[in-house]
S.K.: 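One structure is given below, represented as structure tokens, and several questions about it will come after.
Just follow the structure's listing: the first ligand is 1, and inside any ligand the first atom is 1. Please read these numbers as outputs of a predicted model, since none were measured by experiment. Computed over heavy atoms, backbone and side chain alike; hydrogens, waters and symmetry mates excluded.
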Amino acid sequence: MMADQAVALITAGASGIGLTCARALSAEGHAVLTLDIDATAVAAFQTEFGEQTAVVCDVSDADQVVAAWGQLIESRGRIDVLINNAGIAGPQQPVEEIDVASWQQTINTDLNSAFYVTRLVIPLMKAQRSGVILNMSSSAGRYGCPLRSPYVAAKWAAIGLAQTWAMELGPWNIRVNALCPGSVGGERIDRVIVRDAAERGVDPEAIRNLYLRQSSLRAFASAEDIAALVCFLVGPGGQMISGQTLGIDGHTESLANWLDA
Ligand code: NAD
């Protein structure tokens, strides 16, 4: 890594949208780092980006985040971009049937992790008097989504935190925005569709079509679409964009997902 090379930290960046963002930012000249729970994916990330770029870490656990910070990030001395990307789908159940452990696991992963990591990153960004923080929300964080209560709670909070941190950190030239993908094409949405279909006892194609109809463009965004938006926000075009919630979803019209609606 070059001494003055910009550094981007992406939580849960060893696969999925996070990995696609890491590749795009790397191509634009950033050194990329990740904290990810999956040891196999972390090893692959290290092979692709270098030994000192990734560490196995459950970002829903504040102590693990502090340990990983000391192991991987502190010595870098700077973070230019933070993407609070970690997020699990959580239970898909009526709210009264969700058990407390599933609620807490989803909130810890999708919301609390952003606090655990951001609180460590901010002092570096303040010292640099620059930085970009992107909270990965979801169209569910703007519209609500039946049967996904803890996910929605966390994704709604990601937007509120982006607006609040934009206010707190703007005077240090730190920009904070929330990104709201809709359904993103790829393995994760395939898993969600199969699980949703199994729970409802219907054909997965019916669920896929239901999700596609939620967006005006009748299409899923790709991880590359999201990475392109990230690069725009980090780059010169994004210099005056802060406190915003940016949909990248082909225009979600509704997330009501009742098959008989
Ligand atoms: P994914 O399911 O593909 O997982 C990406 C990575 O998260 C994996 O490498 C996994 O190991 C890691 N991870 C999971 N739990 C972790 C933890 N506790 N600590 C550290 N790493 C952990 O996810 P994705 O589809 O790439 O989604 C990324 C983000 O985008 C999430 O916040 C998600 O809510 C959001 N999002 C995704 C979609 C979609 O359709 N894929 C839509 C809207 C929003």
S.K.: For Gln93, does the CD atom sit with more than 12 other heavy atoms under 6.0 Å from it, leaving out its own atoms?
M.R.: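 Yes, enclosed.
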
S.K.: At a 4.0 Å threshold, what atoms of ligand 1 neighbour a non-hydrogen atom of Asp38?
M.R.: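 Atoms satisfying the 4.0 Å criterion: 11 (O).
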
S.K.: Looking at side-chain heavy atoms only, is the closest gap between Pro181 and Met136 below 4.5 Å?
M.R.: yes

S.K.: Are any of the heavy atoms in Ala86 under 4.0 Å away from ligand 1?
M.R.: yes

S.K.: Which ligand 1 atoms, with their elements, are less than 4.0 angstrom from a heavy-atom of Gly87?
M.R.: 31 (C), 32 (O)

S.K.: Can you tell which of Val184, Thr34, Ile37 gets a heavy atom nearest to atom 21 (N) of ligand 1?
M.R.: Ile37

S.K.: Considering distance alone, does some N or O of Val59 sit under 3.5 Å from an N or O of ligand 1?
M.R.: yes

S.K.: Just to confirm my output: which protein heavy-atom neighbour is closest to atom 7 (O) of ligand 1, and how far is it?
M.R.: Ala12 CB, 3.1 Å

S.K.: Answer yes or no for Tyr151: is there a heavy-atom contact with ligand 1 below 4.0 Å?
M.R.: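 Judged by the 4.0 Å heavy-atom criterion, Tyr151 does count as contacting ligand 1.
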
S.K.: Considering the heavy atoms of Thr109, write down every atom of ligand 1 situated less than 4.0 Å from one of them.
M.R.: 18 (N)

S.K.: For a 4.5 angstrom cut-off between non-hydrogen side-chain atoms, does Leu111 reach Leu161?
M.R.: yes

S.K.: Does the side chain of Asp38 pick up a donor-acceptor pair with the side chain of Ser15 at under 3.5 Å?
M.R.: no

S.K.: Checking side-chain contact (heavy atoms from CB on, under 4.5 Å) between Thr109 and each of Ile88, Asp61, Ile37, which is the one that passes?
M.R.: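 The single option meeting the side-chain contact (heavy atoms from CB on, under 4.5 Å) with Thr109 is Ile88.
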
S.K.: Side chain to side chain contact (heavy atoms under 4.5 Å, CB included), that's the test. Do Trp172 and Gln128 meet it? Break it down for me.
M.R.: CA-CA 8 Å; Trp172 282 269; Gln128 294 158 199; over 6 Å; no

S.K.: Tell me, which protein residue and heavy-atom name are nearest atom 41 (N) of ligand 1, and how many Å apart are they?
M.R.: Arg188 CD, 3.3 Å

S.K.: Could you list which atoms of ligand 1 come closer than 4.0 Å to a heavy atom of Cys57?
M.R.: 19 (N), 20 (C)

S.K.: Could you point out which residue of Leu35, Leu120, Val55 forms a side-chain contact (heavy atoms from CB on, under 4.5 Å) with Ile73?
M.R.: Leu35

S.K.: Report, in ascending order of atom number, the atoms of ligand 1 lying under 4.0 Å from any heavy atom of Gly16.
M.R.: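 Answer for ligand 1: 3 (O), 26 (O).
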
S.K.: Give the numbers and elements of all ligand 1 atoms closer than 4.0 Å to a heavy atom of Ser15.
M.R.: 5 (C), 6 (C), 8 (C), 9 (O)

S.K.: Any atoms of ligand 1 less than 4.0 Å from a non-hydrogen atom of Arg191? List them with their elements.
M.R.: 2 (O)

S.K.: For the 3.5 Å polar cut-off, considering only N or O atoms, please tell me whether Met136 and ligand 1 meet it.
M.R.: no

S.K.: Can you name the atoms of ligand 1, numbered from 1 with element, that are less than 4.0 Å from a heavy atom of Ser138?
M.R.: 43 (C), 44 (C)

S.K.: Closer than 4.0 angstrom: is that true for some heavy atom of Gly182 and an atom of ligand 1?
M.R.: yes

S.K.: Is there a nitrogen or oxygen of Asp58 sitting under 3.5 Å from a nitrogen or oxygen of ligand 1?
M.R.: yes

S.K.: Can you confirm whether Val66 sits close enough to Arg119 that some side-chain heavy atom of one is under 4.5 Å from a side-chain heavy atom of the other?
M.R.: yes

S.K.: For the 3.5 Å polar cut-off, considering only N or O atoms, please tell me whether Ala14 and ligand 1 meet it.
M.R.: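 For ligand 1, there is no N or O atom that lies under 3.5 Å from one belonging to Ala14.
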
S.K.: Does an N or O anywhere in Ser183 fall below 3.5 Å from an N or O of ligand 1?
M.R.: no

S.K.: Any side-chain heavy atom of Ile159 sitting closer than 4.5 Å to one from Lys155?
M.R.: no

S.K.: Please confirm whether Ser137 comes under 4.0 Å of ligand 1, counting heavy atoms of the residue only.
M.R.: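 For ligand 1, residue contact (heavy atoms, under 4.0 Å) with Ser137 is present.
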
S.K.: With atom 32 (O) of ligand 1 as the reference point, say which of Val42, Asn85, Ile10 has the nearest heavy atom.
M.R.: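 Minimum heavy-atom distance to atom 32 (O) of ligand 1 goes to Asn85.
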
S.K.: Is there a side-chain contact between Leu233 and Leu179 in this structure, where contact means two heavy atoms from C-beta onward sitting under 4.5 Å apart?
M.R.: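 A side-chain contact exists here, since the closest heavy-atom pair is under 4.5 Å.
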
S.K.: Can any side-chain N or O of Arg142 pair as donor or acceptor with the backbone N or O of Cys180 at less than 3.5 Å?
M.R.: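 Judged by distance alone, no pair lies under 3.5 Å.
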
S.K.: Could you tell me if Ser216 and Glu253 have a donor-acceptor pair between their side chains, going purely by distance under 3.5 Å?
M.R.: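 Note: Glu253 and Ser216 side chains meet the donor-acceptor criterion.
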
